[in-house]
Amino acid sequence: MQKTYNPNEIEKHWYSHWQQKGFFRSIPDERPSYTIVIPPPNVTGVLHMGHMLNNTIQDVLVRRARMQGFNALWVPGTDHASIATEAKVVRMLREQGILKSSLTREQFLDKTWEWKEKYGGIIFEQLKKLGASCDWERTSFTMDPLYYKAVIRVFVDMYRKGHVYRGLRMVNWDCEAQTTVSNEEVIYNEDGEKSTLYHLRYKIQGTNDEWVTIATTRPETILADTAIAVHPDDERFKHLEGKFALVPFINRPIPIIFDTYVEREFGTGCLKVTPAHDINDYEIGQRHNLPVIDIINDNGTLNELCQMPQYVGKDRFEVRKLIVEELKAATHLVKTEELINKVGRSERTGSIIEPKLSLQWFLAMKKLCEPALEHVMNDDVRLIPEKYKNTYRHWMENVRDWCLSRQLWWGHQIPAYYYGTGDTDFVVAETPQEALELAQKATNNPTLTATDLKQDPDVLDTWASSWLWPIAVFDGFENYDMATQTMGSNNTELNYYYPTAVLVTAPEILFFWVARMVIAGYEYMDARPFKDVYLTGLVRDKLGRKMSKSLGNSPDPFDLIAKYGADGVRTGMLFSSPAGNDLMFDESLCEQGSKFSNKIWNALRLIKGWDITNEDNPNNQPVMAWFESKFNQMLANTEQLYSQYRLSEALTTVYSFIWDDFCSTYLEMIKPDYEQPIDRTTYEKTLFFFEQIMKVAHPFMPFLTEEVYHQLQNRTDNDCIMVSAYPKIGKIDPNAIDCGEALRDVLSKLREVRAKKNIKPRDPLPLFAKVANTATYQPIKSLLIKKGFLASFEYATDDIPNSAPFMVGTDTFYVALGDTMDIDAERERLQKDLAYQIGFKDSVNKKLSNEKFVANANAIVIEKERQKLADAETKIKLLEESLANLN
RNA sequence: GGGUUGUUAGCUCAGUUGGUUCAGAGCACUACCUUGACAGGGUAGGGGUCACUGGUUCGAGCCCAGUACAACUCACCA
C-alpha cells in the first residue's frame, strides 16, 4: 500500500462503479421515500463554490438517508435561465458577426438549443466529480417537452382561475437591448452618479407673474408632466390649492396636488409628476387619477406626444441638453445644482434604465400566498435557520404581483393569441388549435384561420417554470385536469416521491423560488413541496467578500478537487459551514480535509500490516468495551446534530472521534508491539469498528470510505458501503466508559509528569495508586504498565514520599521519583492547586449560603452545587495531606 | 431610510431554552519528540475585559435597553 492516500484514481473508479451498479437509481417500492430535488443550476453555468457547498450538503443528506433504509432519490436538473442564456448566446453570435435581429425566432432558438446541447451538460460532469449521488436517468430540464407543456398548462390554468391578468405596469426598460429587465438586473453605482438638479419655474394659470418652482434631474420629461405635487402640511404652498400650473412651452395646465410622498426638504419642496416616466410618479398618478402621457419611444427617442416637433425622433439625453438651453432662454431655469444620485443601469448593456409603462402579464399573488404563508408560519414547512421565518413573512405580507413576461425568445412562449389589436382581443390556450377554436367563438367568426392569430412574442419569467420543479420533475402536470382542478391519482412517481424531504438552497432565492414553490405546492398538490428548507450561507473569501467571477476571488472547484480530492474538498467546505451562516472559505480547510483522508488511510495501513494469532489477549477487553460505548455515544450525538442540520458539527464530531478516539486512543491501546501478531478476537472486532466508523463517515467522504471498506475485507461487487446499512445506536455502558477514560487520563497525566520532570517517555517508572475503587483499575492494570512504561503498578493506602502525585477525579497517583524529586517545585505546584480548589470551594459555598439562591434555584442545580462542594473538600483534604508529607 | 441578523483566542466558529472556576473546539503559534500506520505525525504549552454602556437577577457570554460597527433584505428623494 502507498504511504499516502492518492484520491484521484480511487475516486474515478468508485464513481463509475456505483453508476454501473445502478446505486444512484431510484424507482418506487415499498420502502419510505426520501427525495431531494436539486436547485437547478442554470444551464449556462459552471459549478462555483456556492454550488459546491450546496451540493455537498445534499449529497451528505441523501447518502445517509439511503444507508438508513430510505428509498433515496436525488433528482438532478438545470433550468433554462432565459435571461442569462439568451445574453450569452447573443454575445456568442455577435462575436461571429451575427446580429440577433437578423435571425428569425426559430433560427435563434435553434442556435440556442445547439449551444445548450454543447455546454449545458458541463455542470453534471462537475457534480459527478464531486461525488453527487444523483439519479442521472431522471435528469430534468425546464424546457424538456413535458416540462414545457406543464409550464404552459399552469399559465392557462392560472388565467382561467382568474389569477393571471394583463396590466399596465412600470417596468425597467433597456432602450439599447429593447427589452425589460428585472429589478435584479438593474445595477446602481454604489457611490451614485453625478447629476444636475434643475430648478424650473412653471407659471400659475390665470396669473401674470406667479410661479411655482420644481426641481428635477430629467428636464426633458416636463413635456409629459400631468401634475405638480407638494406636501399637504407644507405651509409654503397652501395657497396653491385648487390652482393649475402651465407646462413650459406647451402650456398644458396641470393641477397642483397634495401628497405625503413629497419630501419638503428636498429641492424646492415641489415635485413635478410624470406618471409615464417614473415609478413613484406613476403611483402618485394612480392615487390622484392623473392622465398618463408617454413621450418616449422604445428606443429612447421622443415621440410626437411631447408636442415639440423639433425634439421628435431625438434621443432623450440629447433632448435634455437642448431643452435646458431653451428653458434658460425662456427664463424658466431658476438655477442648477450638482447632485449625486443613484442612476439605474442595465446590467447587460450598461445603458440608463428608462422606467416605462408597458402591457405585461401578471400573476395576482395576494390570494395564492395565503396558504404558503400560513404553512411556513406553523412549521409545516420548516425553515432552517428559523430566523428566515421573519423575512419570509415580511415578504409574503407585502408581496407584489408577479410580472410574468420577459421580452425574450429563449423560454416558454406565452400562450396568449391575439386576433385583433384591441387590449382584449386575445385568447389564452394550451395549443394553437385550441386557441383558434376559442378565437372563432370569441369573434363569432368560424372562418378565422390559424394565420389570423398572432401568439404573444414574450416568454415567461424563468421562475415561472422553476416554481413547478418538485411537481414537474415527476411529470406531475401530465394528468392535471383543468376542468376539475385535480392532479389525477395515477401518477405513481408523484404519489411516491412528493412531498420531498428537504430543499437545500441559498437564502437569496427564498422569495424568487422557495416561496413560489410553496405556493405552487399548495395550489396544485394541496401539500407542501418539502418538509424542510435548509438555507445555506454565502460562500465568501477569507476577507469576507462574496465570491464572484468579477472579483476573481473564487478558486476553481476542480483545481481544488485535483489537489485535495473530492473528499478533502467536501470536508473542507463543511468544516467551516455553520448551519445557515456565511462560510469564510479558506483553501487550508481542504488541506485539513485531505490530511484527514490520509490519517484514515494510514490507520488502514496499520491494520493491514498485522499478523494474526489465535492466542487470546484479554487485556484489550476494556478498551473494546470503552470504544463500543463511545461509538454509540458519538452516533447519538451526530443523529441529534443531523436532525438540526448542523452538518458542520456532525462532521467535526465524526472527525475528532476518528482521529482522537479511534486512531490516537483505541488503535494505540490495542496495537501489538513491533512485529508482534494481534489476537484474532481483537483483530476482528477492530475490523468491525473500522467498518462502523467508515459508514458514519461515508456521507461526508464517500470515496475514501468505499475504498477502505473494500480494503478491509474481500467483498463482492455489490457489497458497497454506499448501499450498506447505517449503524444503529447501541448500548452505552457508563462503567465501560469510565474505565477507558481512566486509562486515558492516567496515561496522559503520566506523560505530563514525564514532560515536567524531564523524564524520558520510556524510562520505566514505579506508580502507586491510592484509589477509591480498585475495580476500576484492575482490568486496565496491564495496559497501564505497558502503555505507561511503568516499572510497577501498586495500590497504596498512604501517601508516597518523594513522589510526583497527580489526580484523576478524586483518585491520587504517585510517581515514585526517589532522589530526583524537586521538593520545592512540588510544593509550589500543590499550593497552586490548593489555592484554586479553595477558591472554587469558596465560590460554591458563597452560592449555597445565599438564601436567595437556595430559595430560587431549582433542586437539581442545588444538588449539583452540593456535589461540587463535596468534591472540592475531598480534593483539598488530599492536597493538604500531600503538602504535609512534603515537609 | 424600513426590516432582519450578527459582533466570543491571531483566523474560522461552538456555547442547546440564565446555574461547575465557563470562558471552549479546530486551524495557526511555541517547545520537545523520528528505525515502529501516519512529520500530511506525536506530546506538552501560551493565547480572550465574550464589541461598548447601562439594566433585570442570588447569579449574565446567554435576558432587556441604548451605542458603535458589519452583513443580508426591501424600498429607494425627484
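The sequence lines fix the lettering, A, B, ..., with proteins before strands; numbering per chain opens at 1. Since the model is a prediction, treat every value here as computed from it, not as a measurement.
Taking the P atoms as reference points, B:U5 lies 28 Å from B:G10, given to the whole Å. Rounded to a whole angstrom, the distance from the P atom of B:G55 to that of B:G3 is 27 Å. Taking atom P in both B:C69 and B:C52, the straight-line distance is 16 Å, to the nearest Å. With C1' as the reference atom, B:A68 and B:C22 are 27 Å apart, rounded to whole Å. With both ends at atom P, the span from B:U16 to B:C63 equals 9 Å, rounded to whole Å. Comparing B:G66 with B:A78, their P atoms are spaced 31 Å from each other, to the whole Å. Taking atom P in both B:A28 and B:U12, one finds a spacing of 15 Å when rounded to whole Å. Separation of the P atoms belonging to B:C76 and B:U53 is 40 Å when rounded to the nearest angstrom.
Among the protein residues, A:Asn398 comes within range of no part of the nucleic acid, since none of its heavy atoms lies under 4.0 Å from any strand. Within 4.0 Å (heavy atoms only), A:Trp610 reaches no atom of the nucleic acid at all. Backbone-only engagement by A:Asn390 is indicated by non-hydrogen atom pairs under 4.0 Å involving sugar-phosphate atoms exclusively. Using a 4.0 Å heavy-atom criterion, one finds that A:Ser748 contacts the sugar-phosphate atoms exclusively. A:Glu752 comes within 4.0 angstrom of sugar-phosphate atoms only, judged by non-hydrogen atoms across all strands, and of no base. Contacts of A:Lys608 with the nucleic acid, taken as non-hydrogen atoms under 4.0 Å apart, are absent. Using a 4.0 Å heavy-atom cutoff across all strands shown, A:Glu386 reaches no nucleic acid atom at all.
The side chain of A:Arg744 contributes no N or O atom lying less than 4.0 Å from OP1 or OP2 of B:U43. At the phosphate of B:G42, OP1 or OP2 sits under 4.0 Å from a side-chain N or O atom of A:Lys599.
Residues passing the salt bridge (Lys or Arg N to Asp or Glu O under 4.0 Å) test with A:Glu707: none are found, sequence neighbours excluded. By the side chain to side chain contact (heavy atoms under 4.5 Å, CB included) test, A:Glu397 is found to be paired with A:Leu373, A:Arg393, residues two or more places apart in sequence or in another chain being considered. For A:Ile279, the side chain to side chain contact (heavy atoms under 4.5 Å, CB included) partners are A:Met170, A:Glu283, not counting sequence neighbours. Listed by chain and residue number, nothing satisfies the salt bridge (Lys or Arg N to Asp or Glu O under 4.0 Å) test with A:Asp233 (two or more places apart in sequence, or in another chain). Under the side-chain hydrogen bond (donor to acceptor under 3.5 Å, both in side chains) criterion, A:Asp871 pairs with A:Gln867, not counting sequence neighbours. Partners of A:Asp225 according to the side-chain hydrogen bond (donor to acceptor under 3.5 Å, both in side chains) rule, which considers only residues two or more places apart in sequence or in another chain, are A:Tyr202, A:Lys272, A:Thr274.
We find that NZ of A:Lys563 is positioned 14 Å from C1' of B:G40, with the value rounded to whole Å. The nearest whole Å value for the distance from the CG atom in A:Leu574 to the P atom in B:C13 is 14 Å. The distance between atom CZ of A:Arg751 and atom P of B:C33, rounded to the nearest whole Å, is 17 Å. In this structure, A:Trp601 places its CH2 atom 15 Å from C1' of B:G40, rounding to the nearest Å. A straight line from CG of A:Leu606 to C1' of B:A37 spans 5 Å, rounded to a whole angstrom. Following rounding to the nearest Å, A:Asp259 (CG) and B:A78 (C1') show an atom-to-atom distance of 13 Å. Atoms CZ (A:Phe596) and C1' (B:G41) sit 15 Å apart, rounded to a whole Å. A straight line from CH2 of A:Trp659 to P of B:U43 spans 11 Å, rounded to a whole angstrom.
Using modelled atom types, one side-chain atom of A:Thr268 and one backbone atom of A:Thr213 make a donor-acceptor pair closer than 3.5 Å.
Scanning RNA chain B for stems, defined as runs of 3 or more consecutive Watson-Crick or G-U wobble pairs whose donor-acceptor distances all fall under 3.5 Å, gives the following ranges: B:1-7 with B:68-74, B:10-13 with B:24-27, B:29-33 with B:41-45, B:51-55 with B:63-67.
Closest to the A:Asn602 side chain, of the nucleotides B:A37, B:G36, B:G3, is B:A37. Considering only the side chain of A:Arg646, B:A14 comes nearest among B:A14, B:G42, B:G40. When the nucleotides B:U73, B:G36, B:C76 are ranked by their closest atom to the side chain of A:Asn280, B:C76 comes out on top. Closest contact between the side chain of A:Thr4 and the listed nucleotides B:G42, B:G40, B:A37 involves B:G40. Closest approach to the A:Phe853 side chain among B:C58, B:A14, B:A37 is made by B:C58 (side chain taken as heavy atoms from C-beta onward). When each of B:A37, B:C77, B:G40 is scored by its nearest atom to the side-chain atoms of A:Phe266, the top-ranked nucleotide is B:C77. Closest contact between the side chain of A:Phe511 and the listed nucleotides B:A14, B:A78, B:U73 involves B:U73.
Listed by first then second residue, pairs satisfying side-chain hydrogen bond (donor to acceptor under 3.5 Å, both in side chains) with a partner in residues 565-575 of chain A read A:Asp59-A:Arg570, not counting sequence neighbours.
Note: A:Trp395 and A:Phe511 have parallel aromatic rings, judged against thresholds of 30 and 60 degrees for the angle between ring planes. Note on ring orientation: taking the six-membered ring where Trp is involved, the planes of A:Trp601 and A:Tyr5 are tilted (angle from 30° to 60°).
Nearer the 5' end of RNA chain B, as judged by each residue's closest nucleotide, is the contact made by A:Lys671, out of A:Trp395 and A:Lys671. Taking the nucleotide of RNA chain B with the nearest heavy atom to each of A:Lys3 and A:Lys852, the more 5' of the two is matched to A:Lys3.
Looking only at atom types and distance, the side chain of A:Asp661 has no donor-acceptor partner in the side chain of A:Tyr666 under 3.5 Å away.
Between A:Phe662 and A:Phe657, the ring center distance fails the sub-6.0 Å criterion.
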Look for any protein N or O under 3.5 Å of an N or O in nucleotides 20-29 of chain B and output each such pair with its distance, or none.
unit_1	atom_1	unit_2	atom_2	d
B:U20	O4'	A:Lys868	NZ	3.0
B:U21	O2'	A:Tyr836	OH	2.9
B:U21	O2	A:Tyr836	OH	2.6
B:U21	O4	A:Gly839	O	3.0
B:U21	O4	A:Phe840	N	3.1
B:G26	O2'	A:Gln592	NE2	2.9

